[in-house]
Engineer: 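Quick one: this structure, given as structure tokens, is what I'll be asking you about.
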Amino acid sequence: MAKHAVLSSGAKLWRSLACAKSELRLDLTLACGQSFRWRETAEGHWTGVMGGRVWTLTQTDDTLWYYLYTNQDNQSRGDKKLGDGVSLRDNNNRAERRSKGAQRMDEEEPQAVGQQDRELEAELMLRDFFQLHVKLDDLYRQWGAADPHFRKIADIFTGVRILRQDPTECLFSFICTSNNHISRIQGMVERLCQALGAPLCQLDQTTYYDFPTLSALADSSVEACLRDLGFGYRARFLQQSAKQILDTHGLQWLEGLRRVSYLEARDALRTLPGVGTKVADCVCLMCLDKPDAVPVDTHVWQIAQRDYKYAAEKGQKSLTEKVHRNIGDFFRKLWGPYAGWAHSVLFCADLKKFQSLKEMACFNQPKKEEEEEEKSRKTKIKRETDGHGINMKSENQKKAKMGVKEERTL
DNA sequence: TACGAACCTCA
DNA sequence: GAGGTTCGT
């Protein structure tokens, strides 16, 4: 049985490209709640599906390493549980992918030429997925120059990039995020792919699946299926959104939103059931090439108030359309055209699972600053625990709030 | 523009 | 019952 690749035991089978850790940190970028299907399968090794293929990625100081598995099991593509219609529609999806330049590796070509092409194509896919043409070092410098609070975070949380995800996967994953936290979303998306996606390959005990096609998601049996899998009210949103896209727009519509303005794309997405302002902003930012989209939830609202003394809407009790707009505009004015990228750095820094990084940084402080740092560390932890001056009534509530925060998604 | 209802899980 | 997002009024 095939195993998950590990760099130390077969480096010659891996390929690499130059990439400093200041430009990309796999651990932060792949686990900060923008995508939900990458898993750390060995220390520092991340395995997931991208462009219909299974990859393992790892990095050393100045190098990004990648291992691309062959889809040995892909003869069963399209023969999943929904019956005849699906395999036909799966071919549509392959055509869709081909138009994105992501699927040519599956086609037969003369071996020598094909091999080279495949390698080049894989590298291009990876560069595209991580948007490596965007120079993160420069952006961090710009954000830091404009924003002292960002400077404090940036030294620890380097290399946090926005991925350029597949629009279908991104949209339908984010429809799952409402009232939800990262670990549960991960489980849901995994079950979604198992139930409705084509199997790609098996490594150790894990079978990897492609993300379901629009057609598979639109099938009328899907709502009941997903309810059984614990999707709750989101089951209907997923099926209805898929059906609405296919019925009224067509297969290419989502990807076409990459070529329209941010506001036009956002409004278009908001016509779909289960897609409000926040989910639309996530999709715009994470797969539709809208780097100025800033997804605002109550968490981001809290960051704005706590770290930026944002007070314009203090009387507001809920996240109205106006608050969304104003906070988005506030951060766009502060950070500029890649505000959404900067936002993800702060969001990542606030996740419970990455708090140890802050503590390590404090631990490593030069000695003369230790005392001062300890003092500010205590205040910082307090703020992370009980928000920004809101007096919690009990320790239980305090913990409950932390629990939500630590798992909150974008 | 803003509020309450509905949605679901967890404590 | 709290928690956050979407939807309907």
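Worth knowing before you read on, the calculation uses all heavy atoms, side chains too, and leaves out hydrogens, waters and symmetry mates. Proteins come first, then strands; the chains are lettered A, B, ... in the order of their sequence lines, and each starts at number 1.
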Engineer: Under 4.0 Å between a side-chain nitrogen and a carboxylate oxygen: does that hold for A/D329 and A/K322?
Structural biologist: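 Here A/D329 does not pair with A/K322 in a salt bridge, since their nearest N and O are not under 4.0 Å apart.
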
Engineer: Does C/dT5 have its OP1 or OP2 closer than 4.0 Å to a side-chain nitrogen or oxygen of A/R234?
Structural biologist: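 Answer is no, no contact under 4.0 Å.
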
Engineer: Between B/dC8, B/dT1, C/dT5, which nucleotide gets closest to the side-chain atoms of A/R227?
Structural biologist: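 My answer, after comparing the listed nucleotides, is B/dC8.
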
Engineer: Output yes when A/E264 and A/R259 qualify as a salt bridge under the 4.0 Å nitrogen-oxygen rule, no when they do not.
Structural biologist: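 Salt bridge absent between A/E264 and A/R259.
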
Engineer: Side chain of A/R325, heavy atoms from C-beta onward: which of C/dC7, B/dT1, B/dA2 has the nearest atom to it?
Structural biologist: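 So the side chain of A/R325 is nearest to B/dT1.
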
Engineer: Looking across every strand, which nucleic acid part, if any, lies under 4.0 Å from A/R236 by heavy atom: base, sugar-phosphate, or nothing?
Structural biologist: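 Nothing, no heavy atom under 4.0 Å.
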
Engineer: What is the distance from CD1 of A/I182 to P of B/dT9, rounded to the nearest Å?
Structural biologist: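 Nearest whole value for this atom pair: 18 Å.
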
Engineer: Between C1' on C/dT5 and OH on A/Y233, what's the gap in Å once rounded to a whole number?
Structural biologist: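 Rounded to the whole Å, the gap is 6 Å.
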
Engineer: Could you state the atom-to-atom distance from CG of A/N180 to P of C/dG3 in whole Å?
Structural biologist: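 Computing the A/N180:CG to C/dG3:P distance gives 17 Å.
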
Engineer: Counting heavy atoms not belonging to A/K243, are there more than 12 under 6.0 Å from its NZ?
Structural biologist: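 No, NZ of A/K243 has 12 or fewer neighbouring heavy atoms, counting only those of other groups under 6.0 Å.
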
Engineer: Rounding to a whole Å, what distance do you find between A/L229:CG and B/dC8:C1'?
Structural biologist: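 Going from A/L229 (CG) to B/dC8 (C1'), I get 15 Å.
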
Engineer: Distance check needed: B/dA11 P versus A/R184 CZ, whole Å only.
Structural biologist: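 The distance from CZ of A/R184 to P of B/dA11 comes to 12 Å, rounded to the nearest Å.
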
Engineer: Round to a whole Å and report the spacing from NE2 of A/H181 to P of B/dT9.
Structural biologist: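 Distance, rounded to whole Å: 10 Å.
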
Engineer: Which nucleotide in the list C/dT5, C/dC7, B/dC8 gets nearest to the side chain of A/F237?
Structural biologist: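 Looking only at heavy atoms from C-beta outward on A/F237, the closest nucleotide is C/dC7.
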
Engineer: Write down the distance between CD (A/Q302) and C1' (C/dG3), rounded to a whole number of angstrom.
Structural biologist: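 About 11 Å, once rounded to whole Å.
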
Engineer: Whole Å only: how far is the NZ atom of A/K322 from the P atom of B/dC3?
Structural biologist: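 A/K322 atom NZ is separated from B/dC3 atom P by 11 Å.
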
Engineer: Taking only Lys NZ, Arg NE, NH1 and NH2, and the carboxylate oxygens of Asp or Glu, determine whether A/R15 and A/E119 approach each other closer than 4.0 Å.
Structural biologist: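 Salt bridge flag = yes for A/E119 with A/R15.
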
